[in-house]
4 protein chains.
Amino acid sequence: MTNNHAPDDTDTTTLTIDEGSVPAPSKRRLESRRRILAAARQLFVERGYHGTRPQDISKAAGVGHGTFYLHFADKLECFLAFAEEASKELEMFGEQHHTHEAQTLKEGVHEILSVIFNYSEENPGVLAAAMTDINVLATEEMDMPMPDQRWAEQWGDNVKEWQAKGEVAADIDPLFAGHVLLGMIRQVGSYGARAETTKEEVLEKLTQAMIRMLTD
Amino acid sequence: MTNNHAPDDTDTTTLTIDEGSVPAPSKRRLESRRRILAAARQLFVERGYHGTRPQDISKAAGVGHGTFYLHFADKLECFLAFAEEASKELEMFGEQHHTHEAQTLKEGVHEILSVIFNYSEENPGVLAAAMTDINVLATEEMDMPMPDQRWAEQWGDNVKEWQAKGEVAADIDPLFAGHVLLGMIRQVGSYGARAETTKEEVLEKLTQAMIRMLTD
Amino acid sequence: MTNNHAPDDTDTTTLTIDEGSVPAPSKRRLESRRRILAAARQLFVERGYHGTRPQDISKAAGVGHGTFYLHFADKLECFLAFAEEASKELEMFGEQHHTHEAQTLKEGVHEILSVIFNYSEENPGVLAAAMTDINVLATEEMDMPMPDQRWAEQWGDNVKEWQAKGEVAADIDPLFAGHVLLGMIRQVGSYGARAETTKEEVLEKLTQAMIRMLTD
Amino acid sequence: MTNNHAPDDTDTTTLTIDEGSVPAPSKRRLESRRRILAAARQLFVERGYHGTRPQDISKAAGVGHGTFYLHFADKLECFLAFAEEASKELEMFGEQHHTHEAQTLKEGVHEILSVIFNYSEENPGVLAAAMTDINVLATEEMDMPMPDQRWAEQWGDNVKEWQAKGEVAADIDPLFAGHVLLGMIRQVGSYGARAETTKEEVLEKLTQAMIRMLTD
DNA sequence: TATGAATGAGCATTCATTCAT
DNA sequence: CATGAATGAATGCTCATTCAT
């Protein structure tokens, strides 16, 4: 599980000429990783974690099977990188579509949900795949924070802010509410997939439900 | 996927007065199945679907490998039987703890949640395991209704009844609400496992959240 | 392979009241064996030796799985009994359709082939299944005479008789000719199955070919 | 059943001048396949199809279990490759030992039989194993032409040519004769194995029998 | 840095046979 | 004499990972 590989290639900002220790990842290397992650995303979404083999990912990425392990210690690490990427992407997506700072609770909830729904529309299945309960994945260890834990915490932080502004009932436990809200969002995907309805309708219903839950 | 293992269903040309045609499964057979299902439950809960091998189940059940396949066509069928059993059990559990018919929304929600929480306390992890998103399990087939779909629908039915009594806001879509409520419950398990809190506290918080969500 | 079972039930003629040693097989026992063999024949023909499980045979025969082993030491013994039965049946079939004793070579060959062809028409696939090369079946042992060896020898005996009458060239080795004739018959089944032709046509062609081969 | 193992056939977006597009299999890969096929041949001959496990083949070939499936989709595909190889080999063997073009029927038959007998002497059991009735092997599918069908057709073609030269009776159906000749050859192996005789003797006898059968 | 052939422990499943009833 | 549940060694095959090139 520990990454005993080549230097971590997240810091892409180093422009210094190789000072000795951490050589800047070559263009080729980054390109490989990008292709692998893109392929992994598609396959994890389409077939799920257990239905996707590293071989499939490598093949879809157009690289050799060994190259996969040049970038990820194992399959799980690759999945987590995918989930991380999706999370970051959603965050960026939110920042880009963020409109006005000071907003009412209703506006705030609606905007966040809009971001999630729009992202899901553009990237169908990605969030569901990334939220795959990790205890389904790994039998052991699992000390690392799971994506859905982080998301629940983020929702909790939002609730806390709204609470500070007096828009959310004071007797609500923010972290608890964060989990509940996340749960609502997760399961709603299942509803949307089966009921004949539109994204907008679901969005409105969910916004209303959340508001009601959060206010007295 | 269909269980063609059950007592022989071919031409039973018995001339006896049809006492049921399908000879009652022998005690031994039933006992085997019971043991296997009990072992399966424990292992699916402890290690998850993919972490559990038919071999492990057989061993834990104290039967031979082949006996497993005498009762279940394959691993997935065994898992579904486990999920079904859990569902039935929860239902029976509810019926046994059901107290008074006519109840307010708050009493109703609280009671149902109590049942779920108490069942989960007696059978830790069982509901979570049984709700394992089956599309994580089988990429194909899956025409059969998934446990969580059924549960969402049941919650939806409850909401509809409360709505009829005027206790739930009229503008709420019952099926949608059913999904949302199920989502809340599922995720709350994750909260309860991590936050330092008591079952009672979580129960109270969740009841309150649900009530707020359902009323105007 | 050795039959360490109940007394061999071929001698059905004993009418004596149990004199102590070889109790007459009960009606029930014989009926069981008959049913099993009938089922075995059908399945060996339809699915081949390796495609047929003792369980399948028992089920088709409407008896318990254990009953199979009451009559046959193992699957191979059952197959050999089936082959033996087919052989006997063909012989009886021949005797019943046997018309006139003194016959020319052409008449003789034609008659024997007629018997075989007619039997095959009434019992499609049985001879082919019974002739299954036994080295395909058992990896070891195989000291017992295989059905096709016996048939080759029978053809050889026929050739010898015709030779004695001066109808077959004197320089022909009867046993060799027996094998060759058997080979012709076996492969012709494959021809008949694929070429669009009638049984009669094939019969005529084969008779002609055999006659030519045997005469100078 | 199709071999999707061969070097990657997906989008090879190489811009190089198409030198074959499918990268030539590496030496190592070819060597592995060769070793596996060699081991498979020996084991199929010695123990038959059902007596040979992929595991045995891999072990005998000195490669890992998985390597077997890198080259063959399953056991049956491996067997068919073996049969195909034997067929090709026999053909090449024939071409190498082919002496003079214009030949009488007797010379022609004798030469072909010589080739087969000599090949069988150098490769004992190979032809018999390769001719294993495939319907004994696969109950389903089997659209591909079986080795023995092809051989019967080849013999048929030979008969047709001889017929054109007027050396074979005009009233003979070439394809029918092809099957009959193949049948003779197949069964003769069984005779040769049991009767105490020499290869040369059998060859002479069989040549004579075939000639007689084909001429008026 | 990249490759892809090779690996072998591991998996789900089968089936000829046994034995308690 | 009959039953059918039980057995477990064996089978065909997979797949995450390694390593020589």
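We name chains A, B, ... by the order of the sequence lines, and we start the count at 1 in each one.
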- Message: Can you identify which nucleotide, out of F:dA2, F:dC13, E:dA6, has its nearest atom closest to the D:D74 side chain?
- Response: F:dC13
- Message: I need the D:R33 CZ to D:R29 CZ distance, nearest 0.5 Å.
- Response: 8.5 Å
- Task: Would you kindly give the CD1-to-P distance between A:I57 and F:dA16, to the nearest whole Å?
- Result: 9 Å
- DNA chain F nearest-nucleotide lookup for A:T52 and C:G64: closer to the 5′ end is C:G64
- What's the spacing between D:F79 CZ and D:E84 CD if we round to 0.5 Å? 12.0 Å
- Mind checking the OH-NZ spacing from B:Y49 to B:K75? Nearest 0.5 Å is all I need. 5.0 Å
- Message: I want to confirm an ordering. Mapping B:F68 and D:R28 to their closest nucleotides on DNA chain E, which one lands closer to the 5' end?
- Response: D:R28
- D:Y69 side chain, from C-beta outward: closest of F:dA6, E:dA5, F:dG12: F:dG12
- Query: Closer than 4.0 Å, any side-chain N/O of C:S32 to the OP1 or OP2 of F:dA2?
  - Reply: yes
- Message: I want to confirm an ordering. Mapping D:S26 and C:R53 to their closest nucleotides on DNA chain E, which one lands closer to the 5' end?
- Response: D:S26
- Message: Using OP1 and OP2 only, check whether a side-chain N or O of C:H71 sits under 4.0 Å from F:dC1.
- Response: no
- Query: Now, which nucleotide makes the Watson-Crick or G-U wobble pair with F:dA20, with each of the two distances under 3.5 Å?
  - Reply: E:dT3
- Query: Among E:dA5, F:dA5, E:dT13, which nucleotide sits nearest the side chain of B:K75?
  - Reply: E:dT13
- Working to the nearest 0.5 Å, report the span between CZ of B:R53 and CZ of B:R47. 8.0 Å
- Message: Nearest whole Å is fine: how far is E:dA2 P from A:F72 CZ?
- Response: 12 Å
- Please tell me which of the listed nucleotides, F:dT17, F:dT14, E:dA6, lies nearest to the side chain of A:P54? F:dT17
- Task: Write down the distance between CZ (C:F79) and P (E:dA16), rounded to a whole number of angstrom.
- Result: 14 Å
- Task: Could you check how far NE2 of B:H65 sits from C1' of E:dT14, rounded to whole Å?
- Result: 12 Å
- Message: Please report the distance, rounded to the nearest Å, between OH in C:Y49 and C1' in E:dC15.
- Response: 12 Å
- Task: Could you tell me the separation between the CD atom of A:Q55 and the P atom of E:dA6, rounded to a whole number of Å?
- Result: 13 Å
- Grab the CZ-P distance between D:R29 and F:dT21 for me, whole Å please. 18 Å
- Query: Looking at F:dA5, E:dT1, E:dT7, which one has an atom nearest to any side-chain atom of A:L70?
  - Reply: E:dT1
- What are the two closest heavy atoms between A:T52 and A:L43, and how far apart are they? OG1-O, 3.2 Å
- Task: Considering just the side-chain nitrogens and oxygens of A:H50, establish if one lies under 4.0 Å of OP1 or OP2 belonging to F:dC15.
- Result: no
- Would you check, one step at a time, whether the test salt bridge (charged side-chain N to carboxylate O under 4.0 Å, His left out) holds for A:R34 with A:E31? CA-CA 5 Å; A:R34 201 189 52 70; A:E31 171 66 6; 3.0 Å; yes
- Can you tell me the distance, in whole Å, between the CD atom of B:E31 and the C1' atom of E:dT21? 16 Å
- Query: Would one find a side-chain N or O of C:T67 under 4.0 angstrom from OP1 or OP2 of F:dT3?
  - Reply: yes
